[in-house]
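What follows is one structure encoded as structure tokens, with my remarks underneath.
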Amino acid sequence: MLKPITREKLEQLIPLIATGQQYAYYWGKWSDLLNRLLISVVGVVVVLILSLLFGDQGDALILILGAIASLYWLWCPVYQASLRNAAIRRFKYAGFWRGKVLDVFLTEELIGEEETVNQRGELVIIENRERWINLLLGDESGFEVEVQAPLQRIYKGIVPGQTAELLVLSNQSDLGRINKISDAYIPKQNLWVGLYPYLQRDVFTEVSRQLGGVSPSRVRRTTRNRRIKRRDQY
């Protein structure tokens, strides 16, 4: 099922200012925080040097620059998420898509490389890999799309046959060519799967209910013993 949504609803689903989940995504790990703190410290030092050079001239500007630099570690995640949201909001048209999970499998993805020197003084590149869950989603029209995310234990209940929902974006009014998709929602498990939390989640679940979806609170939680053929087990 693919239902076009209005521009107003799209801007509610993907707000211009970062949501809490988006802020948490760009907050990152301790290493990311330390890098931002280092940039803040360097920025403050630069502002102090400028204040010494210019003396009393431009006190107001120096004060503003100092505040911006000192709080860089705090506002930077908001700025990064807002830029990403703005890029998605540039698409002219959007639609609500509902399909099924066709397949669930795991892969190992390269997330970074580190250079180090071994005991013989040789340069060695160490690959950092992470296990990701991959969902192949599709509908009766033959449309298929793949959604990835770092593997988490909570994804263990996702199996083929479950309903999946997401937002599709396009520059064509008939949504004939899909340029971008959001993170996917699995109502049965009340789970979100994706690399980045694009959506305002409470708004999306409300749209889902309006279009015939089932509220997570109304889903009957039953335990079934199934044997699912997968490319990899987890």
Side-chain angles (χ1 to χ4, degrees), residues 1-29 32 36 72 74-102 107 109-112 130 132-139 141-152 154-155 158 163-187 189-211 213 216:
M1 182 188 80
L2 178 60
K3 294 287 185 181
I5 62 173
T6 65
R7 182 70 196 182
E8 179 183 4
K9 185 60 68 174
L10 170 61
E11 292 177 356
Q12 292 177 13
L13 286 166
I14 303 180
L16 188 58
I17 304 301
T19 65
Q21 289 90 0
Q22 292 167 352
Y23 184 85
Y25 175 89
Y26 275 109
W27 181 263
K29 303 176 181 178
D32 300 313
R36 293 199 301 272
Y72 172 85
L74 186 63
W75 59 259
C76 182
V78 176
Y79 176 71
Q80 292 175 304
S82 298
L83 283 180
R84 192 162 184 172
N85 290 356
I88 295 299
R89 285 159 61 102
R90 291 194 186 102
F91 290 105
K92 298 178 181 179
Y93 305 99
F96 175 90
W97 180 85
R98 179 181 291 139
K100 297 289 185 181
V101 178
L102 303 180
T107 56
E109 302 292 336
L110 179 66
I111 60 173
E130 189 174 52
W132 282 12
I133 186 172
N134 299 260
L135 305 184
L136 179 62
L137 312 177
D139 60 16
S141 71
F143 174 76
E144 293 184 359
V145 67
E146 190 172 306
V147 177
Q148 293 181 306
L151 182 63
Q152 299 182 45
I154 57 175
Y155 294 149
I158 300 177
T163 297
E165 300 170 342
L166 50 77
L167 192 71
V168 298
L169 298 113
S170 174
N171 284 320
Q172 298 181 2
S173 58
D174 62 353
L175 302 176
R177 178 183 177 85
I178 304 302
N179 299 99
K180 189 74 176 178
I181 63 170
S182 71
D183 39 329
Y185 178 55
I186 312 296
Q189 303 293 330
N190 192 25
L191 291 176
W192 296 84
V193 183
L195 295 178
Y196 177 73
Y198 284 105
L199 299 172
Q200 188 81 273
R201 294 179 174 180
D202 56 342
V203 178
F204 186 84
T205 53
E206 180 60 30
V207 172
S208 173
R209 286 192 290 270
Q210 292 174 358
L211 294 176

Going by heavy atoms in the side chains, are [X] and [Y] under 4.5 Å from each other?
X	Y	value
Ile186	Val101	yes
Leu191	Ile158	yes
Thr205	Arg201	no
Ile14	Ile88	yes
Leu16	Arg89	yes
Gln152	Val193	no
Gln21	Tyr23	no
Met1	Asp139	no

Measuring from [X]:[atom1] to [Y]:[atom2], what's the distance to the nearest 0.5 Å?
X	Y	atom1	atom2	value
Gln210	Lys9	CD	NZ	5.5 Å
Leu169	Arg177	CG	CZ	13.5 Å
Leu199	Thr19	CG	OG1	9.0 Å
Leu13	Asn85	CG	CG	11.5 Å
Gln12	Thr6	CD	OG1	7.0 Å

Checklist entry - Cation over ring, Arg36 on Tyr72, under 6.0 Å and within 45°? => result no

Item to check | Qualifying residue for ring-ring contact (aromatic ring centres under 6.0 Å, His included) with Tyr185, from Trp192, Trp97, Tyr198 | outcome: Trp192

Item to check | From CA spacing to verdict: side chain to side chain contact (heavy atoms under 4.5 Å, CB included), Leu211, Arg98 | outcome: CA-CA 10 Å; Leu211 294 176; Arg98 179 181 291 139; 4.3 Å; yes

Which atom of [X] lies closest to which atom of [Y], heavy atoms considered:
X	Y	result
Trp27	Leu74	CZ3-CD1, 4.5 Å
Leu166	Ser182	CB-OG, 3.7 Å
Ala184	Leu137	CB-CD1, 4.1 Å
Arg90	Asn171	O-OD1, 4.1 Å
Ser82	Ala18	OG-N, 3.5 Å
Pro150	Leu195	CD-CD2, 4.0 Å

Item to check | Aromatic centroids of Tyr79 and Tyr26 separated by under 6.0 Å | outcome: no

Next on the checklist: For Ser208 and Glu165: C-alpha separation, side-chain torsions, deciding distance, then whether side-chain hydrogen bond (donor to acceptor under 3.5 Å, both in side chains) applies.
Outcome noted: CA-CA 8 Å; Ser208 173; Glu165 300 170 342; 2.8 Å; yes

Checklist entry - Passes side chain to side chain contact (heavy atoms under 4.5 Å, CB included), Val145 versus Leu135? Steps please. => result CA-CA 8 Å; Val145 67; Leu135 305 184; over 6 Å; no

Item to check | Residue pair Lys92, Ser170: steps toward the side-chain hydrogen bond (donor to acceptor under 3.5 Å, both in side chains) verdict | outcome: CA-CA 6 Å; Lys92 298 178 181 179; Ser170 174; over 6 Å; no

Checklist entry - What do the steps show when you test Tyr93 against Asp174 for side-chain hydrogen bond (donor to acceptor under 3.5 Å, both in side chains), and what is the final call? => result CA-CA 8 Å; Tyr93 305 99; Asp174 62 353; over 6 Å; no

Checklist entry - So, Asp32 side chain and Lys29 main chain: donor-acceptor pair closer than 3.5 Å or not? => result yes

Checklist entry - Taking it one step at a time, do Leu2 and Leu175 satisfy side chain to side chain contact (heavy atoms under 4.5 Å, CB included)? => result CA-CA 9 Å; Leu2 178 60; Leu175 302 176; 4.0 Å; yes

Next on the checklist: Please evaluate residues Tyr155 and Ile133 with respect to the criterion side chain to side chain contact (heavy atoms under 4.5 Å, CB included), reporting the C-alpha separation (whole Å), side-chain torsions for both, the decisive distance (0.1 Å), and the verdict.
Outcome noted: CA-CA 8 Å; Tyr155 294 149; Ile133 186 172; 3.6 Å; yes

Item to check | Check against side-chain hydrogen bond (donor to acceptor under 3.5 Å, both in side chains), Gln22 and Gln80 | outcome: CA-CA 9 Å; Gln22 292 167 352; Gln80 292 175 304; over 6 Å; no

